[in-house]
Amino acid sequence: MKNIISLLSLAALIIIGSSACDKNKQKTTGELEIEFEHIWGMNETAFSLNTDYIHPMNGEALNFSTFKYYVSNIILTKEDGTQWKDSNSYYLIDLSKPTSLTLALSKIPVGTYKSMTYTLGVDSLRNVSGAQTGALSTTNGMFWNWNSGYIMLKAEGTSPASSTGSFAFHLGGFSGQHNIVTTKTVVFDTEKLEINKDHACSIHMSASPSYLLCNDAIANGASVMMPGSRAKSLAMDFYSSVNFEHLHN
Amino acid sequence: MAASFLYLFIFTACTKDQVADFQAQVPAYFPKPQYQEHQKDFSQGKFDLGKQLFFDPILSTDHSTSCASCHSQTHGFADHNVRFSTGIYGRKGTRNSPSIVNLIWYPAFGWDGGVNHLEIFHLGPLTNELEMGDNMSHVLNRLNHDETYRKLFKTHYNVDQITDYELFMALTLYISQIQSYQTKYDDFRQGKAHFNQAEKEGYQLFQQRCTACHQEPLFTNFSYQNNGLDSIFADSGRGKITKEISDYGKFRVPSLRNVALTYPYMHDGRFWDLNEVLDHYSEGILENSQNLSPLLKKGMKLSASEKSNLIAFLKMLTDYQLLSDRRFY
């Protein structure tokens, strides 16, 4: 009995201790918004769905009806090397849903951060772990039903360069030579990220759907529906266009 | 304080007992299951909810087809002895509906192993346009408009809005309990039954000729093999998933548990009975078939009495306990 009581008091102490920590954390954490802006081609005009474009490299006419991709596993690194990992780290950027273009991160410890690491795609573990929730739910239409794995980038639309008049690129692959999961790091050179408790900081990113086809063309095949070498090169080309623009502290 | 400790203890013990009820009898010679989440998560209420969903055509676009339509308990959880199953709007599938017994031991699912996890397995039939044919948002929309389901999911999963996660977990909980280990073969292995002469000789022959692929006690080694059915593949099988030339024409080695009931046979249901299957292995293997299993290259000549002994043994793999188990219907 004595043992139980001492165990219980220890437990109580831990509970009190941890709730005190929570209170402290509330005072010492801040928020961050990461905004994704989409542009077209080299002249950097704003990109939008359901708009006629001529591709600047291959000259094809095309019009996107869908453009969706995953961003995940965001990590911020402080000057001293300590890292903060986003616990809810799967975001589906869907160009038809303006609210999805801003990722809202919270409970980040206050401090100066020198870099941000993020992943384009969904890490292999989540591709093999069964039922998932939120951005990874199958209701988003981003999971293959016959060959398990996430469609990490889905681009669909119409083009006269396609014999059927439409195109669909469903790009994924999480293992082996066809793995398209890509991790990138932004190093804040001139201005560091100063997470503070008073207001949300923001990071502006840009991405260009035109890069999907910068080394390819719809005429080469208007449909990709599974992992493979073409899926990989299309995805890599688009991912190369995802860049850090600036930040606001 | 002491009372609450006691309560906690009893509560845990109860939950464990229910699970034990389902799990206790799995023979010691069975391997460790690949999937064990269902044991952690088990409750009778969740199981019953999974069962209700399994039998409910509300999950299909035209309210015509349930999981049970093509996975019938009395038929070893395969379809009702048809080559290709009928799904929504009378559409026919393209592969023979496989038995869904003992799935917790499977490393991958479907004839081509394209599905990598039991919880995600349901997505295929639910969304396939020849089977239940709807996107997940529509399926969930129907469930969320059904007051009974809303209440049941609230009670058992504590959600106001049903998502694919809870639906998949409920179906998985039911399916994961469909286990076959109470056959005459199992009784024999545990010293509780005797084989007659034909069964005994059939078993010996089976162990010499068949267990390289149909490995005991699950009667599959889960590999992908081409057993020499075709020289031109109408269905590329495993090759559809891997795109490797060496995988074309290969299909998962099916388990033979309840095999006497799950006719017709092969991925396309081309053989109506076990005689036809054994005739194929004995006389019909196409040696020029690309990617033919090396084990079949020299053929598998069987005499008439060997065939009938093998069939006598295969009939010992019928699990009458499971076929009539009241928990599942």
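Note: hydrogens, waters and symmetry copies are ignored here, and every other heavy atom, side chains too, is used. In what follows, every chain begins at residue 1, and chains take the letters A, B, ... in the order their sequences are listed.
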Colleague: Go through the structure and list residues passing side-chain hydrogen bond (donor to acceptor under 3.5 Å, both in side chains) with B/Gln225, not counting sequence neighbours.
Modeller: B/Ser223, B/Ser293

Colleague: Using ring centroids (six-membered ring only for Trp), state whether A/Phe67 and A/Phe238 fall under 6.0 Å.
Modeller: yes

Colleague: For the residue pair A/Phe64 and A/Phe47, is the inter-centroid distance of their aromatic rings smaller than 6.0 Å?
Modeller: yes

Colleague: Is B/Asn135 in contact with chain A via its backbone, its side chain, both, or neither, using a 4.5 Å heavy-atom distance?
Modeller: neither

Colleague: Would you find a donor on one side and an acceptor on the other, under 3.5 Å apart, between the side chain of A/Thr182 and the backbone of A/Ile180?
Modeller: yes

Colleague: Could you list the residues that satisfy ring pair (Phe, Tyr, Trp, His ring centres under 6.0 Å) with B/His117, not counting sequence neighbours?
Modeller: B/Tyr35

Colleague: Taking every heavy-atom pair that is under 4.5 Å apart, which of A/Ser148, A/Ser137, A/Gly141 has the most such pairs with chain B?
Modeller: A/Ser148

Colleague: Side chain, backbone, both or neither: which part of A/Asn140 has an atom under 4.5 Å from a heavy atom of chain B?
Modeller: neither

Colleague: If you count heavy-atom pairs under 4.5 Å between each of A/Thr139, A/Thr133, A/Thr138 and chain B, which one has the most?
Modeller: A/Thr138

Colleague: Tell me, with the steps shown, if B/Glu147 and B/Arg150 meet salt bridge (Lys or Arg N to Asp or Glu O under 4.0 Å).
Modeller: CA-CA 5 Å; B/Glu147 204 181 331; B/Arg150 270 216 320 278; 5.5 Å; no

Colleague: Contact part of B/Thr163 toward chain A, heavy-atom cut-off under 4.5 Å: side chain, backbone, both or neither?
Modeller: neither

Colleague: For the candidates B/Thr127, B/Asp112, B/Ile120, B/Asn116, which exhibits the highest count of non-hydrogen atom pairs separated by less than 4.5 Å from chain A?
Modeller: B/Asn116

Colleague: Could you tell me which portion of B/Leu140 (side chain, backbone, both or neither) has an atom closer than 4.5 angstrom to a non-hydrogen atom of chain A?
Modeller: side chain

